[in-house]
Amino acid sequence: NSRVIDVIRELQSYGAEVLVHDPVASPEEAWHEYRVKLVPWEQLPRAAAIVAAVAHRAFQARPSSDYLERLLPKAVVADVKSQFNAGEFILESGHRLDEVTVAYRSWGDEANAAQRAILICHALTGSADVESWWPGLIGTGGAFDPQRDYIVCSNILGGCYGTTGPVSLSPRSNRRYRADFPRISVRDMVHLQRRLMEHLGVQQLELVTGPSLGGMQALEWAKLYPDR
């Protein structure tokens, strides 16, 4: 539609290469994938805000949950999906976010949280839906077994899959942050994850793992909280 074309043109004006993929013919299921490359660093916050806004609109326009159940394995929709209100959060830069919400998913019995807790960290474009980007890892007899482990994955700070980010409403203005969302660091992501772990009653993690940016978060965990 015309709005999509406008977004593509704006991204291209920043030097981005935009790929639009229509995976199916049915209009009901015509999801579009936006991938951005070669964005100049100084334009990254603006471009990221645009992409996040598009992703948010696409998510809001998705079909009903029964379509997701047909699209995804049953295990994806069978676990616990939750949100945690972390309250005020101070970034490494000193910027204050007045209200932060964390979207996360968990697998397994919370009774195992104290002894056998595993945190999975997703990559830059990922989400807390681990099976959609790391299929086969979670399941009975798998590397991460809900019968034995308590497994958690949260959407990172600044993500557009439920955790506070550019498409969230600012409590101060009641408008979406968009390009005004502050710059965040991997350390900010990990500090927020620690707050979530405390909320869930996890005192010590047996393992922190993840691909790409998720691996960077795992390394930051080892640096910041070696005793956790």
Worksheet item: Between Arg96 and Phe89, is there a donor-acceptor pair closer than 3.5 Å when you use the side chain of the first and the backbone of the second?
Response: no
Worksheet item: Which heavy-atom pair separates Ala123 from Ser212 by the least distance, and what is that distance?
Response: CB-CB, 3.9 Å
Item to complete: Provide the closest heavy-atom pair for Gly126 versus Asn155 in the form atom of the first, atom of the second, distance.
Response: O-ND2, 4.1 Å
Worksheet entry | Heavy-atom side-chain contact between Val202 and Gln204 under 4.5 Å | no
Worksheet item: So, does Ser127 use its side chain to make a donor-acceptor pair with the main chain of Asp129 at under 3.5 Å?
Response: yes
Item to complete: For the pair Leu192 and Val102, evaluate side chain to side chain contact (heavy atoms under 4.5 Å, CB included) and give the outcome as yes or no after the intermediate values.
Response: CA-CA 8 Å; Leu192 187 59; Val102 181; 3.6 Å; yes
Worksheet item: Hey, quick one: are Leu124 and Val186 part of the same hydrophobic cluster, counting side-chain heavy atoms closer than 4.5 Å, chains of contacts allowed?
Response: yes
Item to complete: Specify whether Tyr225 and Trp221 have parallel, tilted or perpendicular ring planes, treating 30° as the upper limit for parallel and 60° as the lower limit for perpendicular.
Response: tilted
Practice prompt. Check the hydrophobic clustering (I, L, V, M, F, W, Y; side-chain heavy atoms under 4.5 Å; chains of links allowed) and say if Val208 and Leu219 are grouped together.
Written response: no
Fill in: Check: Thr101 main-chain N/O paired with Thr164 side-chain donor or acceptor under 3.5 Å
yes
Worksheet entry | Salt-bridge criterion met for Arg178 and Asp180 (N-O under 4.0 Å) | no
Practice prompt. Say whether, by atom type as modelled, one donor and one acceptor occur between the side chain of His122 and the main chain of Ile156 under 3.5 angstrom.
Written response: yes
Worksheet item: Once you round to the nearest 0.5 Å, how far does CD of Glu198 lie from CZ of Phe84?
Response: 8.5 Å
Worksheet item: Where do His95 and Pro182 come nearest, in terms of heavy atoms and distance?
Response: CD2-CG, 3.6 Å
Discussion item. Check this for me, if you would: do Glu131 and Arg105 make a salt bridge, where the nitrogen-to-carboxylate-oxygen distance has to be below 4.0 angstrom?
Written reply: yes
Response to the item:
Taking every heavy atom of Gly158 against every heavy atom of Phe181, the minimum-distance pair comes out as CA-CE2, 3.9 Å
Worksheet item: Got a second to check how far Ile151's CD1 is from Ser106's OG, nearest 0.5 Å?
Response: 9.5 Å
Item to complete: Kindly indicate, with the supporting measurements, whether the criterion side chain to side chain contact (heavy atoms under 4.5 Å, CB included) is fulfilled by Leu213 and Met189.
Response: CA-CA 11 Å; Leu213 177 61; Met189 300 172 190; 4.1 Å; yes
Worksheet entry | Closest contact, heavy atoms only, Ile138 versus Pro146 | CG2-CG, 3.9 Å
Worksheet item: Any side-chain heavy atom of Leu196 within less than 4.5 Å of one from Tyr104?
Response: yes
Practice prompt. Please step through side chain to side chain contact (heavy atoms under 4.5 Å, CB included) for the pair Glu99 and Glu88, ending with a clear verdict.
Written response: CA-CA 5 Å; Glu99 294 179 15; Glu88 180 183 276; over 6 Å; no
Discussion item. Tell me if a side-chain donor or acceptor on Arg187 pairs with a main-chain N or O of Leu224 at a distance below 3.5 Å.
Written reply: no
Worksheet item: Roughly how far, to the nearest 0.5 Å, is the CG atom of Leu157 from the CD1 atom of Ile184?
Response: 4.0 Å
Worksheet item: Judged by atom type as modelled, is there a donor-acceptor pair below 3.5 Å linking the side chain of Arg176 to the main-chain atoms of Val167?
Response: yes
Worksheet item: Between atom CG of Leu119 and atom OG1 of Thr209, what is the distance when rounded to the nearest 0.5 Å?
Response: 9.5 Å
Worksheet item: Measuring from Asp188:CG to Gln193:CD, what's the distance to the nearest 0.5 Å?
Response: 11.0 Å
Worksheet item: Are any non-hydrogen side-chain atoms of Pro211 and Trp133 less than 4.5 angstrom apart?
Response: yes
Worksheet item: In Å and rounded to the nearest 0.5 Å, what is the CD to CG distance from Glu206 to Asn112?
Response: 10.0 Å
Worksheet, complete the sentence: Smallest heavy-atom separation, Gly162 atom then Gln83 atom, equals O-NE2, 3.4 Å
Fill in: Candidate pair Ile118 and Leu205, rule side chain to side chain contact (heavy atoms under 4.5 Å, CB included), full reasoning
CA-CA 6 Å; Ile118 293 173; Leu205 288 160; over 6 Å; no
Worksheet item: Between the side chains of Glu92 and Ser185, is a donor N or O closer than 3.5 angstrom to an acceptor N or O?
Response: yes
Discussion item. Any heavy-atom pair between the side chains of Val130 and Trp107 that's under 4.5 Å?
Written reply: yes
Discussion item. With a 4.5 Å cut-off on side-chain heavy atoms, are Ile120 and Trp134 touching?
Written reply: yes
